[in-house]
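Below is one structure, written out as structure tokens; comments come after it.
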Amino acid sequence: MNNTDWYRLTIKEVIETLGTGESGLTTQEARARLLKFGPNQIREGEKASPWKIFLGQFKSFLILVLIIAAVISAMIGKHLEAIAIMAIVILAGGLGFVQEYQAERALEALKKMAALKARVIREGQEKEIAASDLVPGDVISLRTGDRVAADARLLEAINLKVDEASLTGESQTVDKSNQVIQEQNVSLGDRNNMVFMGTNVTYGRGQAVVVATGMQTEFGKIAQMLGEIEEKQTPLQISIDRVARWIGIFALTVSLLVGLLGVIQGHPLLEMFVWTVALAVAIVPEALPAVMTMTLAIGVHRMVKRHALIRKLQAVETLGAVSIICSDKTGTLTEDQMTVRKIWANHRFIEVSGAGYEPSGNFSAEEGLLDSNDEHLKLLLSASVLCNDSQLSNEKGLWTIKGDPTEGALVVAATKAKIDVRELRRKIPRMDEIPFSSERKRMTTIHLNHEGNIAYSKGAVEIILQTCDFIYQEGKEREITPKDKEVILKDAYSMSQESLRVLGIAYRKLDSTYSKDEVEFHMVFLGAVGMIDPPRRGVKEAVESCRKAGIKVIMITGDHKLTAVAIAQELGILENGRVLTGTELDALTEKEFERIVEDVQVYARVSPAHKLRIIDALAKKGKVVAMTGDGVNDAPALKKADIGVAMGITGTDVSKEASAMILTDDNFVSIVKAVEEGRTIFANIRKFLTYLLAGNMGAVFAYVVALLLKLPLPLTALQILYINLIMDGPKAVALGLEPPEPGIMEQPPRNPKVNIFSRQSLGYILGGGFWIGVVALGVFVWTLGSGSSGDFQRLSEHQLQYAMTMFFVTLTMVRTFHAFNCRSMDTSVFKLGLLSNKWLILAFFVTILTILPILYVPFLQNIFKVVPLNLKDWLIATSVSVTVLIVVEIVKLLQRARRRTSQR
Ligand code: ATP
């Protein structure tokens, strides 16, 4: 049967053809079909195979030169040297491979975690499964905000609208229905009774039976044609790549010049060639790309543990520069565990007792406890559970809510009033609805009771009041007066001031011939319900830590101004800043808004479209903004923000797709933790970059001076390669894993335009490099001098090798100690705790372990042209190397003192 014809079949025919039913497939059948049809996935383009990653390590120009050097060495008879160069190149390639492969795998695992889910009905039960497990014949349920996970034929469509721009390019949303289409060859955009993989449900809900999965879907067919889009590099990776290329050119120029100098001084041409190449390699931090990928990947992994799932790698570095966090209130700053506390009905307040979702508690007014049969209360609560999609259930003694907590709170309150919600919903069934949206701030449902049709509305009080011409009081309807409205609004405000979210409830009896567009008029106001949503634990402290870190927190909420203010004050978000409502914002011109945007701390009664305006205005002020969102309509703002943050639990698929980061616990605290992690990673990248470049600088400095002073060459090509490629990597990775420095959240955010090389890090590279060079060269000259009575040209072979070995060991050790310096640009390493980065301690021992065999295994001694050192030699090399620690500690001390004086 041709795939394209599903829309022409009746529901019955579709269900029969696919061998399924309204209660879905059985688990067993689904498993069998999954085997037959394969997973519901778009096949990704050719993944980098391990081989490809391995070969990729040798793509670098310098490595190629090195291979050529090995070939030439072999040709001039230096076989051992040639083999050794090749061995190191392969070893380095292997190390780079392991690092990159692991990073790839870690990122792959993350991608899986961020994968989409689908709600499917199997064996009559609705459950959530991985979208990749869907099979043809599965019955899926769709709600506003879902991303459609497969191609499916609609069984039911209630106000269902779908955005199919990703598939058809048509930006208008499409109204869906479950009616058969008779025509043939209907284009994709007109197949109104179908939904397609990759499109977004923007409104309403529905049920559909899956007809095609994976590459068989329309989306899959397009993907097949387009191939895979390449993952972009992050700005930091790009700038580091640029730096690396720059260093490459610098390296070639310097080494060519030095090589020329060597030849002029009379060193043999071929030997100088090998040496020049090695010097070039000495300048370039070969370990950098692998260390960089590794650090980002590990960082991303660490963030997952702190409930922040990174979807776009650049988020990691941008996070560290965040200067403003715009956060939704409900569920992010608050628990989203609503409990009805107060009811306004019959012109008086009723208090409700009890906590959480447990339906036990009672109702009291001024005169005392209220009878649960109070007619007005029953009417109000019945209306609020009929105009409601949530369910209360008790699972193993634990009361839980399925659906929206705001609605859940109403079901709990009704159950406290002894209303049998299930029975009520059965007796007064819903016939139609106008769903809730953040823009409308209300919802309406239309039911059938024994008298005929009746509509129930609930939503923001002022909005519901606008629709009301009548009020229910003392058991009957009467016209509502402006005075009534004034009193209601005043009482609702007083409830808002107690941090309560207040919903108004209304009804209207309808003729059987009503038109849906005319329902939300002439309604009867029944009363208002106030519910509390307590702040989340830890949020207040996180807001405080943002303040210290120079990050401003802005609350954005659809809730009432007074409720928002009450909670913002409680959390320390609102101090002396401004509060702006959506209406006030609408009244401002772009210029006017820009003038005040930096003062606003709370936005109330706003809709998602306002978020875009806020982002735009803040961006113009040069702020780096993280913004949270969960709804479909939040997606544009999430995309536009420097960091869009979606909610993992309550967020819609659409919002997740649009965001750079997903909070797996929906908690504001996790954003702040991610920022801290982002800052740490950025600082650590700077640390290992500084470390790698300083070490290389030191070696180059020593070389050039040695050559200028007409000293023998202090190091063989092989030795440089060994230090740079084998011994530096682990230390750099260890620096990338450095724990956050104390006080990292007490500094203002980094200016995103500032280069990764700060003045301070350049100082570390040049100053540190100078000291490294001086120390190593000093030892070299001293060792040469001690055995030569001043004439370096007449040294014995052994004496020269001895001096070179001392140089090799000293250079290694002084660079290793400098790694400890690089752990912080201003804090003393002793204050950080010499052992507090255990990875660096491990890397330290790895360094020692990699150097010992070279020195003491005769076969390796031969290749590396070294002689064994005795204890005294080691003591000399180590003690002069430690000076780099002492010198830098003194510099840090002076820096801190200077900063203190300037602060004073
Ligand atoms: P946030 O603080 O994350 O922006 P919010 O819940 O305050 O979330 P919305 O969900 O957009 O924002 O709700 C806006 C307003 O709509 C609420 O203040 C409330 O008055 C009303 N409202 C919320 N949920 C419902 C609902 N299920 N039915 C009717 N009205 C609702």
Side-chain angles (χ1 to χ4, degrees), residues 143-145 205 326-338 340 383-391 401-411 433-445 455-467 489 492-493 495-496 499-506 520 528-533 535-536 539 553-568 571 573 581-582 602-611 614 627-634 637-638 645-647 649-652 655 663 666-668:
R143 279 181 223 154
T144 310
R205 59 193 166 91
C326 294
S327 175
D328 285 339
K329 173 178 71 70
T330 313
T332 313
L333 296 169
T334 64
E335 292 276 1
D336 208 6
Q337 260 251 2
M338 304 266 179
V340 174
S384 67
V385 293
L386 286 169
C387 180
N388 190 314
D389 292 314
S390 75
Q391 278 126 33
I401 282 295
K402 258 202 195 127
D404 178 8
T406 300
E407 300 195 337
L410 295 171
V411 176
E433 65 193 63
I434 311 172
F436 169 76
S437 78
S438 295
E439 283 83 3
R440 286 170 24 85
K441 297 189 174 47
R442 68 181 143 162
M443 78 183 261
T444 299
T445 54
Y456 293 107
S457 261
K458 73 176 196 310
V461 175
E462 68 273 22
I463 303 223
I464 292 295
L465 267 183
Q466 278 168 17
T467 66
L489 284 176
Y493 287 177
M495 284 158 90
S496 303
S499 306
L500 296 178
R501 154 174 287 197
V502 190
L503 290 188
I505 316 280
E520 289 171 330
V529 183
M531 49 189 85
I532 187 101
D533 181 16
R536 284 188 93 127
V539 167
V553 180
I554 295 178
M555 175 193 276
I556 300 185
T557 177
D559 235 335
H560 193 276
K561 186 169 175 175
L562 295 176
T563 316
V565 166
I567 293 187
L571 290 173
I573 292 175
T581 64
V602 174
Y603 292 89
R605 277 288 188 254
V606 288
S607 43
H610 289 120
K611 287 187 172 178
I614 300 171
M627 173 163 289
T628 68
D630 47 15
V632 190
N633 304 343
D634 287 331
L638 288 174
V645 184
M647 300 297 132
I649 304 170
T650 56
T652 53
S655 64
L663 299 181
D666 290 12
N667 195 342
F668 176 79

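When a ligand or atom number is given, it counts from 1 through the structure's own listing order. Scope of the values below: all heavy atoms of this structure, side chains included, with no hydrogens, waters or symmetry mates.
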Practice task
Applying side-chain contact (heavy atoms from CB on, under 4.5 Å) between L410 and each of C387, P405, S390, S384, report the one that passes.
Solution key: S384
Handout entry: For I434, the option from R442, M443, E520 that meets side-chain contact (heavy atoms from CB on, under 4.5 Å)
Key =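 In the set R442, M443, E520, the residue that makes a side-chain contact (heavy atoms from CB on, under 4.5 Å) with I434 is E520.
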Going by the atom numbers of ligand 1, which of them fall below 4.0 Å from some non-hydrogen atom of [X]?
X: D404; value: 24 (N), 27 (N)
X: G459; value: 29 (C), 30 (N)
X: K329; value: 1 (P), 2 (O), 3 (O)
X: A460; value: 20 (O)
X: G558; value: 4 (O), 7 (O), 12 (O), 14 (C), 15 (C), 18 (O)
X: S438; value: 9 (P), 11 (O)

For [X] and ligand 1, does the shortest N/O to N/O distance drop below 3.5 Å?
X: R442; result: no
X: R605; result: yes
X: H560; result: no

Give me the residue, atom name and distance of the protein heavy atom closest to [atom].
atom: atom 8 (O) of ligand 1; result: T330 OG1, 3.4 Å
atom: atom 25 (C) of ligand 1; result: F436 CE1, 3.5 Å
atom: atom 3 (O) of ligand 1; result: D328 CB, 3.2 Å
atom: atom 18 (O) of ligand 1; result: D559 OD1, 2.9 Å
atom: atom 29 (C) of ligand 1; result: K458 O, 3.3 Å
atom: atom 19 (C) of ligand 1; result: L503 CD2, 3.6 Å

Exercise for the section: Would you sort out whether L333 and I567 count as a side chain to side chain contact (heavy atoms under 4.5 Å, CB included), showing the intermediate values? Expected result: CA-CA 9 Å; L333 296 169; I567 293 187; 5.6 Å; no
Problem - Salt-bridge present (K441, E462; N to O < 4.0 Å) - result: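 E462 and K441: not salt-bridged.
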Handout entry: Check ion pair R501-D533 (N to O, under 4.0 angstrom)
Key =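 No.
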Exercise for the section: Answer with side chain, backbone, both or neither: which part of E407 has a heavy atom less than 4.0 angstrom from an atom of ligand 1? Expected result: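 Answer for E407: side chain.
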Problem - Heavy-atom pair of closest approach, residues I401 and G408 - result: CD1-CA, 3.4 Å
Exercise for the section: Provide the closest heavy-atom pair for G145 versus T652 in the form atom of the first, atom of the second, distance. Expected result: O-CB, 3.1 Å
Practice task
Determine, considering heavy atoms only, which of T557, T563, L410, T628 sits nearest to atom 2 (O) of ligand 1.
Solution key: T557
Fill in the blank from the handout: Looking at R440, R501, M531, the heavy atom closest to atom 7 (O) of ligand 1 belongs to R501
Exercise for the section: Could you establish whether I556 and ligand 1 come within less than 4.0 Å of each other, counting only heavy atoms on the residue side? Expected result: yes
Quick check against the 3.5 Å criterion: does [X] have a side-chain atom that pairs as donor or acceptor with the backbone of [Y]?
X: D666; Y: I649; answer: yes
X: R536; Y: G331; answer: yes
X: K611; Y: V606; answer: no

Practice task
Output the distance between atom CD1 (I554) and atom CG (D328), rounded to the nearest 0.5 Å.
Solution key: 12.5 Å
Practice task
Could you tell me the separation between the CD1 atom of I532 and the OG1 atom of T563, rounded to the nearest 0.5 Å?
Solution key: 9.5 Å
